[in-house]
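Notes to accompany the following structure.
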Amino acid sequence: MKTRTYGWVQNPSSFSNLKKIVQIFDINSPHYQDLKLNLLKNIYFTNIKAELQKKFDKNVKVFSYVELVGTSKNKLGKSPKNRQDAVANSIIQVSITPQQAKKTGKTWTDNWTSDGFLRWAVSLNFIKVDIKKDIFSITENGLSFSQSTSGSSEETGILQIALLAYPPATQILSLLDSANQYCTKYYLGANLGFRGEKGFTSYNEDIMFDWLNSADNKEKKKIKSDVEGTSDKYARGICNWLKNVGFVKTGAAKKIFSDGKEEKFQGYKITGKGLSALRRSQGSSKNKQIEKFVMWEFFATDGQNRDYVRARRAFIVKFLTKPIILKQLIKKLGEKGFHDSQEIIESDIQGLKYFGLRIEQKNDKLFLLDKINNFHIPDLNFTRELKNDQIEKRKEKFLKITSLPMKYIELLEIAYDGKRNRDFEIVTIELFKEIYKINAKLLGGSRKPDGLIFDQNFGVIIDTKAYSNGYTKNIAQADEMIRYIEDNRRKCKTRNPNCWWENFPADIPKNNYYFLWISSKFINNFNEQLIYTANQTETKGAALNVEQLLLGAAAIMKGNIAISNLINYFDNKEILFADSPISS
DNA sequence: TCGGATGACGCTGATATACT
DNA sequence: AAGTATATCAGCGTCATCCG
């Protein structure tokens, strides 16, 4: 049986497009007719087109995932080298007008956006799925939405209720409620869903503001439109949906710096209407509440242990429907075959809170304040093969011995994921700032190092790289570092007009600068890169692997290492703060 | 900026090749 | 010759940023 992902939606934003997707399953709707008479013709492959045309002519209203979402195929029916070469092969693809339609004349969208629209419709309980057969049909709510007049208050009302039943939306509203000011997507994304783990990247707000502050105008524009994590994007999307039903408004989220300069990101704030709807939906008595709609697929999006993790969280929610003490919860999970440590379960509970379920702990007892639909957990045998997964074990161990917040423990995974280079950079800088308690700045951009850390006596130039197989010697990288060290020594505007070194305080003694590479692990002859760089520049540097990065943070937090002594660890080799707890 | 768009990548399952 | 193990490879699903 195929398991798919619902609950987290990337691209879709327009409710009128959503309505079309729901109307695919309503034979009396205008969009159904439009597909039947016009739009299906835009499907490129004649056999698929004919099959679907036949179904629409027969007023079929149940479709499979492939019929709806399709795949990415070029005219030859092969996976295209560029996604732009993909032609239409599904119902949703030809239902959505692409962004550049006017310019290009293209009449279909891609399979990823199509997947997003289907997810959205399922997540709002307008469309339901039979996961055994992988087929989709309309729900009662979906039918009311389909039949409501566009732009009517009835339509808005249906959407409002659907959003209030969707936990991530009430999580956003709750966050906006307690903040009571314009919030950035970064702040919201950091407190949404299973943030930090695979599928839930979020960038630290402070670091983003700092970055904006040290960027020129061209870079600023780029940062504002380009730089956001997956969770931040989810937050932005949800805010826009909420805005469209009148629960949220937009305005500038500002930060004022010590020099009086001010930086802005797009901000979101709850409206009076949003506030009263939130209060109403949470009701004082459970039977007046709006029941939350969840599916087990909401509880994780990706990753190799996905279904195991989803099931574990789903059972936690099931067990929480009656007040329960933590020890008892852990025991019951054990009986189901989930033998995870208390730390993991606690971090799941935290994740479920950020997901949007209100879970309270009084003394030892856990209370779930929300009413939840009776969702189904499929009977897969997740529990056997998936658990002894190395990386989970490693995370669990580090969580235990370092007592660091889960979002930093995730670095153990991020460091090995080349796709998440930016995430690795930002979370690392955040770790320095929050746990090492040292000044840390993200720079990024061309001809700048990734980041800096410093206090009044010393400064370190940092380069971070997420590599799945480890960092091996790379002379180009060494030369880049050498250039930065020279930049900083000469502080010459004509040499490098962006003057990134001005982010260091001016009074650091000239001979107290260091360089540092941070990565998953360092392999082969990496050490030669350190020696080479040190010799060329007559400075000292080091390499720090992600395990040591965390162990160092733990040592600092426990007071075993003073941050002022940090530079004593720089000796042109890999830094060893403490022995790794992993026997390899 | 908003509302998607794009290239990448791990996984899965099918086919090819090697080994017994 | 047939059966089994391993290598190769393409397609699918899902990001994680990126962009017109």
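Just so we're on the same page: letters track the sequence lines, and every chain starts at 1.
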### Message
What is the distance, to the nearest angstrom, from the CG atom on N421(A) to the P atom on dG7(B)?
### Response
19 Å
### Query
In whole angstrom, what separates E413(A)'s CD from dC15(C)'s P?
13 Å
### Query
With a 6.0 Å cut-off on ring centres, are F25(A) and F136(A) close enough?
no
### Nearest to side-chain heavy atoms of N111(A), which nucleotide of dA16(C), dC2(B), dT14(C)
dT14(C)
### Message
What is the distance, to the nearest angstrom, from the NZ atom on K102(A) to the C1' atom on dG4(B)?
### Response
15 Å
### Rounded distance (Å) that lies between atom C1' of dC19(C) and atom NZ of K103(A)
11 Å
## Note on the structure
note: D302(A), atom CG; dG10(B), atom P; distance rounded to Å ~ 11 Å
### Message
With nearest nucleotide decided by heavy atoms, which residue, W112(A) or S13(A), maps closer to the 5′ end of DNA chain B?
### Response
S13(A)
### Task
Mind calculating the distance between CG (D110(A)) and P (dG3(B)) to the nearest angstrom?
17 Å
### Message
On the side chain of N11(A), is there an atom forming a donor-acceptor pair with the base of dA5(B) - under 3.5 Å, no angle test?
### Response
yes
### Query
If you check every side-chain atom of S14(A), which of dG4(B), dT14(C), dA16(C) has the closest atom?
dG4(B)
### Query
So Y234(A) and W8(A), would you call those rings parallel, tilted or perpendicular, with 30° and 60° as cut-offs?
tilted
### Task
Kindly assign one of parallel, tilted or perpendicular to the pair W120(A) and F15(A), based on the angle between their ring planes and the thresholds 30° and 60°.
parallel
### Message
Under 4.0 Å from OP1 or OP2 of dG3(B): is there any side-chain N or O of R236(A) that close?
### Response
no
### Which nucleotide in dC15(C), dG3(B), dG13(C) has an atom nearest any side-chain atom of R4(A)
dG13(C)
### Query
Between K222(A) and D216(A), does a salt bridge (Lys or Arg N to Asp or Glu O under 4.0 Å) hold up when you go through it step by step?
CA-CA 10 Å; K222(A) 208 167 153 48; D216(A) 63 34; over 6 Å; no
### Summary
Side-chain atoms of T230(A) come closest, of dA16(C), dG11(C), dC19(C), to dA16(C)
### Task
Among the candidates dG20(C), dG13(C), dC15(C), find the nucleotide nearest to the side-chain atoms of Y65(A).
dG13(C)
### Task
Look only at the side chain of E205(A) and the backbone of L188(A), and say whether a donor-acceptor pair between them is shorter than 3.5 Å.
no
### Message
Please classify the nucleic acid contact of N17(A) as base, sugar-phosphate, or nothing, using heavy-atom distances under 4.0 Å.
### Response
sugar-phosphate
### Message
Tell me whether the side-chain N/O atoms of S72(A) come closer than 4.0 Å to OP1 or OP2 in dC12(C).
### Response
no
### Query
Base, sugar-phosphate, or nothing for Q10(A), non-hydrogen atoms under 4.0 angstrom?
base
### Task
Have a look at K2(A) and say if it touches a base, only the backbone sugar-phosphate, or nothing, with a 4.0 Å heavy-atom cut-off.
sugar-phosphate
### Query
Do the rings of W241(A) and Y166(A) sit parallel, tilted or perpendicular, given the 30° and 60° boundaries?
tilted
### Query
In terms of the nearest nucleotide of DNA chain B, which residue is placed more toward the 5' end: D417(A) or K185(A)?
K185(A)
### Query
OP1 or OP2 of dC9(B) less than 4.0 angstrom from a side-chain nitrogen or oxygen of R420(A), does that happen here?
no
### Query
From the list dG13(C), dA5(B), dA16(C), which nucleotide is the closest neighbour of the side chain of K198(A)?
dA16(C)
### Distance, rounded to the nearest Å, where F15(A) contributes CZ and dG4(B) contributes P
12 Å
### Query
Can you tell which of dT14(C), dG20(C), dA16(C) lies closest to the side chain of Q100(A)?
dG20(C)
### Task
Tell me whether the OP1 or OP2 atom of dC19(C) has a side-chain N or O from S225(A) closer than 4.0 Å.
no
#### Entry: Residue T109(A), side-chain heavy atoms: nucleotide from dT14(C), dA5(B), dC15(C) that is nearest
dA5(B)
### Task
May I have the distance from D85(A) (atom CG) to dA5(B) (atom P), rounded to whole angstrom?
15 Å
#### Entry: First of K73(A) and F200(A) reached from the 5' end of DNA chain C, by closest nucleotide
K73(A)
### Task
Please figure out whether S79(A) or F424(A) has its closest DNA chain C nucleotide nearer the 5' end.
S79(A)
### Task
Answer with base, sugar-phosphate or nothing: what part of the nucleic acid does Y203(A) contact at a heavy-atom distance below 4.0 Å?
sugar-phosphate
### Query
Taking the six-membered ring for Trp, are the ring centroids of Y308(A) and F338(A) within less than 6.0 Å of each other?
yes
### Task
Using only side-chain N and O atoms of R422(A), determine if any of them is under 4.0 Å from OP1 or OP2 of dC15(C).
no
### Message
Can you identify which nucleotide, out of dA8(B), dA5(B), dG13(C), has its nearest atom closest to the R83(A) side chain?
### Response
dA8(B)
### Query
Using 30° and 60° as the class limits, which term best fits the ring planes of W517(A) and F526(A): parallel, tilted or perpendicular?
perpendicular
### Task
Would you please confirm or rule out a distance under 4.0 Å between OP1 or OP2 of dC15(C) and any side-chain N or O of T201(A)?
no
### Query
When all nucleic acid strands are considered with a 4.0 Å heavy-atom cut-off, which category describes K233(A): base, sugar-phosphate, or nothing?
base
### Task
Check every atom of dC18(C), dG7(B), dC15(C) against the side chain of Q84(A) and return the nucleotide holding the closest atom.
dG7(B)
